[in-house]
Amino acid sequence: MALGPGFRRDDGVGVRGAAMAGAAALAVLATPAAAQERSRGHITPYIEAGQVVTADLGDGGDVLTYSTLALGVDASIHTRRVEVQLDYRYERRFDYQNHVDDGDIHAGLATVRARVTPGLTMEAGGIATRVRSDIRGAAGTGAGNVRNMSQVYSGYVGPNLSEHVGPIAVNAAYRFGYTRAENATGGTGLPAGTQPLNSYDDSKVHVATASIGTKSGTLLPVGVTVSGSYTREDAGQLDQRFEGKYGRGDLVLPIARGVAIEGGAGYESIRISARDPLLDGTGKPVVDSAGRQQVDPNSGRRLAYDFDGLFWDAGVVWRPSPRTFLEARVGKRYGSMSYTGSFSYKMGPESGIQIGVYDSVDSFGRQLGGTLASLPGGFVTGSGYDPFGSSYSGCVFGTSGGSAGTCMNNALASLTTDNYRARGVTAVLVMSRGPNHIGFGAGYARRNYLAPDVPGNTGLQLNGSSDELFYGQFFASHDFDRNASIGFDAYASYSKTTLAGTDPVFAWGGNSIFTRRFGHLSASAAVGIYGYNGQGDNSDTVAQGQVSLRYGF
C-alpha cells in the first residue's frame, strides 16, 4: 500500500483536535431519508413561534414565561461543482411582564465549497452562536434570563489548490478569518469583587500554507513531503499580535500492508505580543462600557511568547482499509514533549467512532476559524437535541464522503482574549440502526495561557495560569415514522482554573423533545432540567418547558 502526503493536516499553528463543552448540543448523523433529501438539494425557509416557561428550583425561585418568534432557513445544495450547507436561525424573545430580558439571538452554521477548476476550489464558512464568557462563572442554558454568555460571529474564506505535476503533488491554500464577540449578558454570576477578565473584541487571521511531495514507490522508496506555513493574527484587544511560521520535511516508509512509519523535522518561529493596558491610580486596567481594557497610548509592544527553534516528531500510520485510520506521533515542539494522534472507524453509512489527541499554540479566533475550515461538506443542521440552547457548541457529524465530522468545543468552551497552548483528547461515538440513533462523546481539554506580565498591573493577569475541562454527553432518538420523532440528551461537565480564589464549576442537565410534522407545519414539545454548582452563590437548578409551531415554505 503506497503511503505519502496527506496523512497529517497542519495549518501552521498545530494539529487541530476535537473537544466537547458541557452545555453543548451534540449533532447527530441523519436518517437515510434525510440524507437522500440532502443529496438532491433543498432550500427551506421557515417561521416559528413558541412559548417557554422556566422555573428556578432554588429557594424563592421565580417562574418565568415568555414568547419567541424565529425566522430561519435550512439549505443543502450538492452539485458537481458546488456544495452548500446552511442552517441559520434568528430568534426574538418577548416578555410582556418585563421579567425576562427581551433579546435577539443569532444561531447559524454554514459551509460553501465551489470548484473553479479540477484542482482549485474556493471555500468559505461561518458560525453564529453563543459562548460562555468566563469559564469561572455561570454555566446555565440559553433559556430565561441568560448570564455569562456572549454572542459570537466567526467566518473564513479562501482558495485551496491541489494539483499533480507528474508524480509530484502540489498543494497550497490561503484562508482569511474574522471573529467578533458582543458584550456578555447578565453578568458572569461570580461573587461581587471578583476581578474580571478582559473582554474579547475581535480578531483578523491570515493563514497561508504550501507543500510538495511524492508517494512512496514512485520516485523513491519512501514518501517525501516538504511543507511550510505562515500565520498572522491581529486582535482588537490591547493591539495583540500573533505571528508564526514554520518549514518542515516529512518521510513516510511503508513496512507492511497498510502500515507505515513516519517522521519529520523542521524549524519554527512564533512571536506573540501586545501593548500594555492603561492603568488607573490603583494599578487596575481602565475598561470601557463593554469591559474591554484600554490601550496605554504611551506603551510599546511587550512580548508574551517568543520561540525560535527546531522541532521533530515520529510515529506510525495504520490504514488497513478505507474505513479505518490510525495515526500516533510523539515529538518535541514548543520547547517540550508533544503528543498527537487520531483514530477513526466508519462502521457504516451512519455509524462511526472518532478519537483525537491534539497539541497546538492557539487563540480563540484561530482555533475557532481552523475548526470551521475542517467541517465536512455535508453535515447535520439544527441544534441537535437541545431545544433551549439556540447555539452551536458541540460536534457536527458528516453525512457523506469520508469525513466523520469535527467538534468546535475546544474553542467554544469559553471566551478568552489571550493566547494559550491547547492540549486535550476527545472521543465521539455515533450509531444508527433503522429508526434508532444513539451517541456518546467525552473528553478532556486544557489551556495554558501565554500573556505579557505588565509591571504595576494589579488587575487579573493570566500568564502562567491554566484551565481544564472534563466533559461527557449522551443522546438517543427514535423515529416513529417519517413525521414523528422523540429525542433525549444528557450532559455533564467539570471545569476548573488555577486562578486564585476560584472554585471548580460542575454543570449537568438533560432534556427530551417530541416533534410531529403535518406537511409544511410541525409542532414540538420539550422539557428539560439543568443545573450548575460553582463559587459562592454561583449555583442554580432550573426546569424548563417549551411548545412551538413551525411553518416551512
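The model shown is predicted, which means the values in this text are computed figures rather than measured ones.
Of all heavy-atom pairs between Met149 and Ser133, the closest is C-OG, 3.4 Å. The two residues Ala274 and Pro452 make their nearest non-hydrogen contact at CB-CG, 4.2 Å. The minimum heavy-atom distance between Asn463 and Leu450, with the atom names listed, is OD1-CA, 3.8 Å. Nearest heavy atoms, Asn457 versus Pro277: ND2-CG, 3.9 Å. Listed here is the closest heavy atom pair of Leu368 and Ser154: CD2-CB, 3.5 Å. Across Ser495 and Arg132, no two heavy atoms sit closer than the pair OG-NH1, 3.5 Å.
For the pair Leu197 and Thr417, the minimum side-chain heavy-atom distance is 4.5 Å or more. Leu279 has its side chain out of reach of Thr458: every pair of non-hydrogen atoms, C-beta onward, lies at least 4.5 Å apart. Put simply, the side chain of Leu469 reaches to within 4.5 Å of the side chain of Ser493, judged on heavy atoms. When side chains are defined from C-beta on, Tyr267 counts as touching Leu310, because their heavy atoms get closer than 4.5 Å. No side-chain heavy atom of Tyr156 sits less than 4.5 Å from a side-chain heavy atom of Val207. Between Ser466 and Arg423, every side-chain heavy-atom pair lies at or beyond the 4.5 Å cut-off. Contact of the Thr416 side chain with the Leu462 side chain is registered, since non-hydrogen atoms from C-beta on lie closer than 4.5 Å. At least one side-chain heavy atom of Ile127 sits under 4.5 Å from a side-chain heavy atom of Leu372.
Taking 4.0 Å as the cut-off between side-chain N and carboxylate O, Arg271 and Glu243 do not count as a salt-bridged pair. Ion pairing between Asp234 and Arg232 holds under the 4.0 Å rule for side-chain N and carboxylate O.
A cation-pi contact links Arg333 to Tyr246, judged by a cut-off of 6.0 Å to the six-membered ring centre and 45° from its axis. Stacking of Arg366 on the aromatic ring of Phe242 is recorded, both the 6.0 Å distance cut-off and the 45° axial limit being met.
Annotation: salt bridge (Lys or Arg N to Asp or Glu O under 4.0 Å) contacts of Arg550 (sequence neighbours excluded): Glu48. For Tyr90, the ring pair (Phe, Tyr, Trp, His ring centres under 6.0 Å) criterion is met by His106, not counting sequence neighbours.
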Run the side-chain contact (heavy atoms from CB on, under 4.5 Å) check on Thr179 and Tyr200 step by step: do they pass? CA-CA 10 Å; Thr179 300; Tyr200 193 91; 4.1 Å; yes
Test side-chain contact (heavy atoms from CB on, under 4.5 Å) on Ser338 and Thr340 and set out the steps. CA-CA 7 Å; Ser338 176; Thr340 59; 4.3 Å; yes
Intermediate values then yes/no, ring pair (Phe, Tyr, Trp, His ring centres under 6.0 Å), Tyr494 and Phe506: CA-CA 5 Å; Tyr494 177 83; Phe506 175 68; 7.1 Å; no
Let me see the working for Arg248 and Asp313 under side-chain contact (heavy atoms from CB on, under 4.5 Å), right down to the final yes or no. CA-CA 11 Å; Arg248 65 174 293 152; Asp313 53 46; 3.1 Å; yes
Test side-chain contact (heavy atoms from CB on, under 4.5 Å) applied to Val361 and Phe307, step by step: CA-CA 11 Å; Val361 171; Phe307 176 80; over 6 Å; no
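In this structure, Leu161 CG and Asn171 CG are separated by 7.5 Å, a value rounded to the nearest 0.5 Å. Atoms OH and CD, from Tyr334 and Glu268 in turn, are 5.0 Å apart once rounded to the nearest 0.5 Å. From Tyr153, atom OH reaches atom OG1 of Thr129 across 10.5 Å, with rounding to the nearest 0.5 Å. Taken from CD1 in Ile272 to OH in Tyr420, the straight-line distance is 11.0 Å, to the nearest 0.5 Å.
One N or O on the side chain of Gln461 and one on the backbone of Val454 form a donor-acceptor pair closer than 3.5 Å. With hydrogens and angles disregarded, a donor-acceptor distance shorter than 3.5 Å links the side chain of Gln294 to the backbone of Arg292. For Asn148 (side chain) and Asp134 (main-chain N/O), a donor-acceptor pair under 3.5 Å exists by modelled atom type. Checked by atom type and distance alone, the side chain of Tyr491 pairs as donor or acceptor with a backbone atom of Trp508 at under 3.5 Å. In this structure a side-chain-to-backbone donor-acceptor pair under 3.5 Å is missing from Ser299 to Arg275. Put simply, the side chain of Ser162 never gets that close to the backbone of Leu120: no donor and acceptor are under 3.5 Å apart. At least one donor-acceptor pair under 3.5 Å links the side chain of Gln195 to the backbone N or O of Leu460. Side chain of Asp288 to backbone of Ala290: a donor-acceptor contact under 3.5 angstrom is found. Glu468 places no side-chain N or O within donor-acceptor distance of the main-chain N or O of Thr497, the cut-off being under 3.5 Å.
Tested against Asp104 for a salt bridge (Lys or Arg N to Asp or Glu O under 4.0 Å), the candidates Arg93, Arg92, Arg130 yield a single pass: Arg92. Residue Arg302 is tested with Asp239, Asp276, Asp453 for a salt bridge (Lys or Arg N to Asp or Glu O under 4.0 Å); the sole match is Asp276. Applying side-chain contact (heavy atoms from CB on, under 4.5 Å) to Tyr530 and the options Asn511, Thr541, Thr54 leaves one that passes, Asn511. The only option from Arg421, Lys332, Arg447, Arg329 that meets the salt bridge (Lys or Arg N to Asp or Glu O under 4.0 Å) definition with Asp359 turns out to be Arg421. Checking each of Gln237, Glu233, Arg180, Gln240 against Ser203 for a side chain to side chain donor-acceptor pair (under 3.5 Å) leaves exactly one that passes, namely Glu233.
Ser227 and Ser211 are not linked by any side-chain donor-acceptor pair at a separation below 3.5 angstrom, with hydrogens and angles left out of the test.
Ring geometry for Phe470 against Tyr444 counts as tilted: the plane angle lies between 30° and 60°, on a 0 to 90° scale.
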